[in-house]
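Quick notes on the structure that follows.
Source: prediction; values computed, not measured.
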Amino acid sequence: MDAFLTLSATELARMIREGEATSGEIVEAHIKRIERVNPLLNAVVKDRFDAARDEAKKADGAMRGQKSGKLPPLHGVPCTIKECFAFAGLPNTSGLKSRKDFVPDFDATAVARLKKAGTIPLGITNVPELCMWMETYNTVYGRTKNPYDQRRIVGGSSGGEGAIIGAGGSPFGLGSDIGGSIRMPAFFNGVFGHKPSGGLVPGTGQHPIAHGKALRYLTTGPLARRAEDLWPLINILAGPDGADEGCTAMKLGDPGKVEINKLRVLVVKDNGAIRVSADMHKAQADAAEALRRQGAEVSTHQIPAFKKSFDIWSAMLAEAGGPTFSEMLGGGRPIPALTELAKFGAGKSDYTLPSIVLALMEKTLKFMPGRLRRLVEEGKKLREELTQLIGPRGIMLYPSYPTAAPKHNKPLFPPFNWQYTGIFNMMEIPVTQVPLGLNHEGLPVGVQVASIHGNDHVTVAVALALEKEFGGWVAPKL
């Protein structure tokens, strides 16, 4: 693999500024890698290679006579963008057939901020239908496959991002997360991903967009092959844009000032309802032991409320209001879910099976308002409990998923394993997904590192420490 394809965006930017490499060379190396692996993975669904080459030439031209200190932080560095974010001139279907001809004439806030930082997007990447399932498949673009084993899923909804970054085709990408949609793809594809604190990064310009309180549950953040890129990217993306009402100004800390030897580490082995595999337990235990060796105080806890993770997630999202998933599928009017289920069985539906099932399931809570209110209150109490347990100088190590990447369609039976990530969205706390090598099948394993609201710098600091200990991303044999 070309050396450029293993480096962080931060390092690539330094090489460009100091004249050790050109943007053109770096962009071309990544384009060639995408051209090689994408026919196998179907991760990038629309490229802009010609435009990227032109932008790289301009970036290199701007170097002449320009002091490096005046260049934007990621000048000339390539990246990729999740298809659900508006990108002027490129499709923005969010995997929905009814939007297949929609092309925005504006950039989402996060896309505009990355461009302003000097990045050169190479293309947009695949998502599940309306970004609401953990298998990246839709009837517009098809299925995305895992670079470590093409029989397996890439996660969702930022699945195309996870796959192309994991395959070495992009140093970092832009994702979004309302139930694990950054962290699961990062986990299944062996890279880093960060779900920011609720309200830190605006989601303006993505489809679908959340409403009301859910604007703080839906988070926008980076996926990257190297941990050192997470913090610069969070700083680029963070801050109100005047449009996202859930986004607020927050003072960010400094990962470099976090002292690992003064951290409290809570190890929560599972949620008490869904068993976790031995290799995932070992990865978690290895991470805890590595932090203990560096002086951190490590203890094991069980949190009974985690048993209701799926119920709490569903109730708090429903209570936030806004259009239902069924209405978003139907462009404003609910789809006839039972009719679509029958059509799916006959191979005639425009929708995927997970979308149809979700449209059916979301109706149940409406018929149980009392239960919904109780679950929302339990969610609020859990948020308070986690804040007290973790504390300002603490983190939690929690499984990313019960197993390494399952085979295609397997997540349908059972369909609720993603609750290991989803619960943290409702808690509005920051979580960094950290890769911890490969298991005996050659599949990535890892762990979630969570902390209290506003402590994004702490989880990133731990990611940096664990990358140094375990090596982080391991390039697949593609």
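A salt bridge links Arg152 with Asp149: the closest approach of a Lys/Arg side-chain nitrogen to an acidic carboxylate oxygen falls below 4.0 angstrom. Taking the charged nitrogens against the carboxylate oxygens, Asp107 and Lys115 do have a contact shorter than 4.0 Å, which makes a salt bridge. For Arg143 and Glu135, the salt-bridge test passes: some basic side-chain N is under 4.0 Å from an acidic carboxylate O. Taking the charged nitrogens against the carboxylate oxygens, Arg183 and Asp177 do have a contact shorter than 4.0 Å, which makes a salt bridge. Using a cutoff of 4.0 Å between basic side-chain nitrogens and carboxylate oxygens, Asp286 and Lys282 are scored as salt-bridged. Using a cut-off of 4.0 Å between Lys/Arg side-chain N and Asp/Glu carboxylate O, Asp50 and Arg53 are scored as salt-bridged.
For the pair Ser157 (side chain) and Ser181 (backbone), a donor-acceptor distance under 3.5 Å is absent. The closest donor-acceptor contact from the side chain of Asn189 to the backbone of Val191 lies at 3.5 Å or more, if one exists at all. Panel note: side chain Ser314, backbone Phe310; a donor-acceptor pair is recorded below 3.5 Å. Counting only distance, with no hydrogens or angles, the side chain of Arg216 and the backbone of Gly246 share a donor-acceptor pair below 3.5 Å. No donor-acceptor pair closer than 3.5 Å links the side chain of Arg226 to the backbone N or O of Gly472. Ser170 places a side-chain N or O within donor-acceptor distance of the main-chain N or O of Phe172, the cut-off being under 3.5 Å. A distance-only check finds no donor-acceptor pair linking the side chain of Asp270 to the backbone of Pro399 [under 3.5 Å]. At least one donor-acceptor pair closer than 3.5 Å links the side chain of Thr324 to the backbone N or O of Glu327. Put simply, the side chain of His194 never gets that close to the backbone of Ile234: no donor and acceptor are under 3.5 Å apart. In terms of modelled atom types and a separation under 3.5 Å, the side chain of Asn425 and the main chain of Leu218 share no donor-acceptor contact.
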Stepwise, does the side-chain hydrogen bond (donor to acceptor under 3.5 Å, both in side chains) test hold for Thr144 with Thr136? CA-CA 6 Å; Thr144 301; Thr136 293; 5.4 Å; no
Go through the steps for Lys58 and Glu55 under the test salt bridge (Lys or Arg N to Asp or Glu O under 4.0 Å), then give the verdict. CA-CA 5 Å; Lys58 291 178 182 177; Glu55 289 165 14; over 6 Å; no
Before you tell me yes or no, could you show the steps for Leu233 and Leu114 under side-chain contact (heavy atoms from CB on, under 4.5 Å), namely the whole-Å CA-CA distance, both residues' side-chain angles and the distance that decides it to 0.1 Å? CA-CA 8 Å; Leu233 289 167; Leu114 288 176; 4.0 Å; yes
If you apply the rule side-chain contact (heavy atoms from CB on, under 4.5 Å), what do you find for Gln448 with Thr421, and how did you get there? CA-CA 8 Å; Gln448 293 185 91; Thr421 51; 3.6 Å; yes
Decide yes or no on side-chain contact (heavy atoms from CB on, under 4.5 Å) for Leu200 and Thr219, but give the supporting numbers first. CA-CA 8 Å; Leu200 179 60; Thr219 57; over 6 Å; no
Can you check side-chain contact (heavy atoms from CB on, under 4.5 Å) on Ile423 and Phe306, steps first, answer last? CA-CA 8 Å; Ile423 189 61; Phe306 275 174; 4.3 Å; yes
Could you walk me through whether Gln433 and Ser400 pass the side-chain hydrogen bond (donor to acceptor under 3.5 Å, both in side chains) check? CA-CA 7 Å; Gln433 170 58 42; Ser400 312; 2.7 Å; yes
Does the side-chain hydrogen bond (donor to acceptor under 3.5 Å, both in side chains) test come out yes or no for Thr109 and Asp241, once each step is laid out? CA-CA 7 Å; Thr109 296; Asp241 65 351; 2.7 Å; yes
Please determine whether salt bridge (Lys or Arg N to Asp or Glu O under 4.0 Å) holds for the pair Arg371 and Asp311, giving the CA-CA distance in whole Å, both sets of side-chain angles, and the decisive distance to 0.1 Å. CA-CA 10 Å; Arg371 184 170 184 268; Asp311 293 336; 3.2 Å; yes
Evaluate the criterion side-chain hydrogen bond (donor to acceptor under 3.5 Å, both in side chains) for residue pair Gln206 and Thr220; output intermediate values, then yes/no. CA-CA 10 Å; Gln206 64 177 294; Thr220 296; 3.2 Å; yes
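Remark: Lys82 is not positioned above the aromatic ring of Phe87, lacking an NZ or CZ atom under 6.0 angstrom from the ring centre and at most 45 degrees off the axis.
Residues Pro78 and Thr119 form no side-chain contact, since every pair of their non-hydrogen atoms from C-beta on lies 4.5 Å or further apart. Val462 places none of its side-chain heavy atoms less than 4.5 Å from the side chain of Val434. You'll find the side chain of Phe102 stays beyond 4.5 Å of the side chain of Leu96, heavy atoms only. At a threshold of 4.5 Å between non-hydrogen side-chain atoms, the residues Phe49 and Ile34 count as touching. Side-chain contact check for Val431 versus Met396: every heavy-atom pair is 4.5 Å or farther apart. Contact of the Ile81 side chain with the Leu90 side chain is not registered, since no non-hydrogen atoms from C-beta on lie closer than 4.5 Å. Using a 4.5 Å cut-off on side-chain heavy atoms (C-beta onward), Met134 and Phe188 make contact. Inter-residue side-chain proximity for Ile312 and Gln419 is flagged as unmet; no heavy-atom pair is nearer than 4.5 Å.
Between the side chains of Glu83 and Thr125, not a single donor N or O lies within less than 3.5 Å of an accepting N or O. Using modelled atom types and a 3.5 Å distance limit, the side chains of Ser197 and Asp456 yield a donor-acceptor pair. There is no side-chain donor-acceptor pair under 3.5 Å between Glu228 and Thr10. Between the side chains of Glu161 and Thr80, at least one donor N or O lies within less than 3.5 Å of an accepting N or O.
Using cut-offs of 30° and 60° for the angle between ring planes, the Trp418 and Trp313 rings count as perpendicular.
Taking OG1 of Thr459 as the start and CD1 of Ile429 as the end, the distance is 9.5 Å to the nearest 0.5 Å. Of the inter-residue distances, the one linking Lys97 atom NZ with Leu329 atom CG reads 13.5 Å to the nearest 0.5 angstrom. In this structure, Ile178 CD1 and Lys195 NZ are separated by 10.0 Å, a value rounded to the nearest 0.5 Å.
Nearest heavy atoms, Leu237 versus Val201: O-CG1, 3.5 Å. The heavy-atom pair separating Pro104 from Asn92 by the smallest distance is CD-CB, 3.7 Å. In terms of heavy atoms, Ala29 sits closest to Asp2 at CB-OD2, 3.9 Å. Considering every non-hydrogen atom in both Cys84 and Cys131, the closest pair reads CB-SG, 3.6 Å. Looking at every heavy atom in both residues, Lys116 comes nearest to Pro72 through O-CB, 3.6 Å. Considering every non-hydrogen atom in both Pro444 and Phe187, the closest pair reads CB-O, 3.5 Å.
Counting heavy atoms of neighbouring residues, nucleotides and ligands inside a 6.0 Å radius, atom CD of Glu35 exceeds 12 of them.
Between Phe424 and Tyr398, the distance separating the two ring centers is shorter than 6.0 angstrom. Taking the centre of each ring, Tyr420 and Tyr401 stay at or above the 6.0 Å mark.
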Extract all donor-acceptor atom pairs below 3.5 Å that involve side chains of residues 332-340 and protein atoms in other chains or at least two apart in sequence.
from, atom 1, to, atom 2, distance (Å)
Glu340, OE1, Ser349, OG, 2.7
Glu340, OE2, Lys343, NZ, 3.4

